[in-house]
S.K.: 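Can you read through this structure? Questions will come right after.
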Number of protein chains: 2
Amino acid sequence: MRLVETGYESGKSGRLSGLIFSAYRMARSRIGGIGMTQELTERNRRILEAIVEEYIDTAEPVGSRTVTRRHQLALSPATVRNVMADLEELGYLTQPHTSAGRIPTGKGYRFYVDSILQVRPLSSGERKRISNRYHLEGLRAEEVLREAGKALSAISNYTGIVMAPRLETTVFRHIDFVPLSEGRVLVVFVTRSGLVQNKIIQPREPLSSRELETIANHLNRRLKGLSIQEVKEQLFSEMERDRSRYDQLLRKTLMLSQEALKDNIGGEVFIEGTSNILDQPEFSNVAKMKQLFKTFEQKSLLIDLLDRSQKADGMQIFIGSESEFSDIDGCSLITTHYASRRGTIGALGVIGPSRMNYSQVIPVVDYTAKLVSQILDIETE
Amino acid sequence: MRLVETGYESGKSGRLSGLIFSAYRMARSRIGGIGMTQELTERNRRILEAIVEEYIDTAEPVGSRTVTRRHQLALSPATVRNVMADLEELGYLTQPHTSAGRIPTGKGYRFYVDSILQVRPLSSGERKRISNRYHLEGLRAEEVLREAGKALSAISNYTGIVMAPRLETTVFRHIDFVPLSEGRVLVVFVTRSGLVQNKIIQPREPLSSRELETIANHLNRRLKGLSIQEVKEQLFSEMERDRSRYDQLLRKTLMLSQEALKDNIGGEVFIEGTSNILDQPEFSNVAKMKQLFKTFEQKSLLIDLLDRSQKADGMQIFIGSESEFSDIDGCSLITTHYASRRGTIGALGVIGPSRMNYSQVIPVVDYTAKLVSQILDIETE
DNA sequence: ATTAGCACTCTCGGCAGGAGAGTGCTAGCG
DNA sequence: CGCTAGCACTCTCCTGCCGAGAGTGCTAAT
């Protein structure tokens, strides 16, 4: 099976209004005639909702009596049982064993998230609680991202995850070349948002430290404020134009910058609050836990998902079970991108059990992304 | 109780020979008249050794019969039982419950490590297996440290931990100033070993980006190759000397550098292979595991221990149980410092259960430290 | 001093039985 | 025809019990 992505789109008029729009859109699709809607009657949907929410609350299989008792449905347990049997047949629910209650399947969560879930915007108190965590003073960009991860994990009680922007999606602020041994050169980039990244290159011909200095100063005056994409284009066109002219230094400049920009760098991932997730009852199973921590450690899967999220528009929800990523079976990942004023730059989110409190976490992720975007903008304009 | 540090000293003539020296010293102190030696007869020591090693192997409480069977002692189980009772009375062993075997206490491990343990040097094959992990080509200093952590964890099957050098213990290579908003300045340091560190400062008076550039170029020519300590001294004496002379730029230079060097930066910690430790049977207990991961997350305790290790000479072994750091109860930490050719710069080690294979891990930590020192030197000379 | 023997203690796995939760089915009701 | 009450059935989980096994401490003999 494939990992399905949710088309949880934001409106154009800002993220938060996007959320409201989204809720509205979902409400509409409930009445309208889209695929899934035909499959489930309104009553069945209500019952599915009750079961998912109950299970999110308690982490225990949900029985028919619980549903009628705790969620005011004017129905008897027997009726609910019939409905539950139907929902199981359709693949939304499953039973750990006969004579246990039901728990949602991946498909169940998916339907819940796509077509049932109502996201309420954060209260101003909640927003304050989140934004208070960034005592802006003198935080370096990297620290802002780390802090965002910590905030996400602390507020949600799950694990926060933040991907630093890749160099190529950023705006140029500063470059520097430091000669190392054997002709190798350490390149230090500073992006407009103040993020410092570095790499080592081996230029085809040797350069004196004086030359490196001159080249850096030159580039810094010329390229400031351009996106890396623009930088690349400009350098390329210049190279074309001046191919004929014999200017030693210019040639070296171009050669050096080309080397420096050749490969992607960045995409570092910060994972914060991993111990939080140990509180979740699903991870009393040590083997499962180990699986999850292995995933945290190697990061490639997470980078992959965050990359997708960065490219996509709006909130993405990945539900672990039933997906090709059996690694994080039983886990869900809620992500969105954050962006400074010029173009998309990174992604962040929360990892928790599929049995996660989506309606609480989604607005937190959303607001955090907005906040990070703002801070990176304000701090560095 | 306090966390005791072991005086596991290296000789002056290189680390590895230090290990051998150490073993010799330990052997001597066994015969000599130091405190603990009087407390235990040779036979008792042999039995304690057998028990600790058996427990390291099996993670099961060790019974008297096992000791006689698997370690060739010409003694009956009954005799061993008597000795075990004595060792328990003296605090070296404990029983999970009556009629279970014995397991070592913190004191037991401590005695084993200090006075019994024989460390054998690595075979050349093992050394190769470790050094092969650094495919030197173009690794940035930070990546070298990360890789060292990974190597430590992979070889030992426990968790590797590496602390990056603090700026103050390093040698100056390069500095750069990047203007941000509102008069703030991003300072980028490159140390001789190629490590890039940065911080944000707020100079008392504003500086144009032209001035910043000039100052950086000036400092880079003047200070290269000095230790940060020397840099500070030089700047200070210059400040004294030129107090009278009215040179605007020089004054600004000194002001800026002073700001930049005011606080310590660095001391970042890389923890690799956390999931490894989940294989250890002591962590089937989820609560214990959570404790440990909390410690990993907040890092301050680890930084504290590594800082101590950096200052101390030679190998340090911290044994968790019985210590003021109940956080890592049941865990031990083996650390040593690594050093480039000029002065001590960082520390690294392995975290594992107290029931860790010391004789295997100690030489690995030792060799890795030597290797990291070398790589940082070679790469950047 | 060391050891053989023995009674004792404690854990652990398996097993049986009962409580509790929940189901599926069937028959009756509006 | 949809809903519901009732009931038999299933499965888990907890408890108590028992015996096997491992290991101990003590005592008496060598």
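All values reported here derive from a predicted model rather than from experimental measurement. Naming convention: chains lettered A, B, ... in sequence-line order (proteins, then strands); numbering from 1 in each chain.
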S.K.: Considering heavy-atom distances to DNA chain C, does Asn82(A) or Pro61(A) have its closest nucleotide positioned more toward the 5' end?
M.R.: Pro61(A)
S.K.: Distance check needed: dG23(D) P versus Ile51(B) CD1, whole Å only.
M.R.: 12 Å
S.K.: Under a 3.5 Å cutoff, is there a donor and acceptor pairing between the side chains of Thr274(B) and Asn276(B)?
M.R.: no
S.K.: If I take atom CG in residue Leu93(B) and atom P in nucleotide dG23(D), what distance separates them, rounded to the nearest angstrom?
M.R.: 15 Å
S.K.: Would you kindly give the NE2-to-P distance between His97(A) and dG24(C), to the nearest whole Å?
M.R.: 13 Å
S.K.: Contact class for Ala78(B) vs. all strands (heavy atom < 4.0 Å): base, sugar-phosphate, or nothing?
M.R.: base
S.K.: What is the distance, to the nearest angstrom, from the CD1 atom on Ile103(B) to the P atom on dT11(C)?
M.R.: 14 Å
S.K.: Let's see if you can work this out: which of dG22(C), dA4(C), dG24(C) has an atom nearest to the side-chain heavy atoms of Ser76(B)?
M.R.: dA4(C)
S.K.: Give the rounded distance in Å between these two atoms: CZ of Arg102(A) and P of dC11(D).
M.R.: 14 Å
S.K.: So if I take every side-chain heavy atom of Arg43(A) and compare against dC6(C), dC3(D), dT23(C), which nucleotide ends up nearest?
M.R.: dC3(D)
S.K.: Rounded to whole Å, how long is the line connecting atom CD of Glu60(B) with atom P of dG21(D)?
M.R.: 17 Å
S.K.: Between the base of dT24(D) and the side chain of Ser99(B), is one N or O donor paired with an acceptor at under 3.5 angstrom?
M.R.: no
S.K.: Gln95(A) has a side chain; which of dT3(C), dT23(C), dC6(C) sits nearest to it?
M.R.: dT23(C)
S.K.: Separation of Arg81(B) atom CZ from dG23(D) atom P, in whole Å?
M.R.: 10 Å
S.K.: At under 4.0 Å between heavy atoms, what does Thr98(B) touch on the DNA or RNA strands: base, sugar-phosphate, or nothing?
M.R.: sugar-phosphate
S.K.: Which nucleotide in the list dC3(D), dT3(C), dG23(D) gets nearest to the side chain of Leu75(B)?
M.R.: dT3(C)
S.K.: Is it the case that the ring center of Tyr112(A) lies less than 6.0 angstrom away from the ring center of Tyr109(A)?
M.R.: no
S.K.: Is the closest side-chain donor-acceptor distance between Glu297(B) and Ser275(A) under 3.5 Å?
M.R.: yes
S.K.: Does the side chain of Arg45(B) reach to within under 4.5 Å of the side chain of Glu49(B), using non-hydrogen atoms?
M.R.: no
S.K.: Quick one: are Thr94(A) and Arg102(A) in side-chain contact, heavy atoms under 4.5 Å?
M.R.: no
S.K.: When you measure from the side chain of Ser64(A), which nucleotide among dT4(D), dT3(C), dT23(C) comes out closest?
M.R.: dT23(C)
S.K.: To the nearest Å, how far apart are Met84(A) CE and dC25(C) P?
M.R.: 15 Å
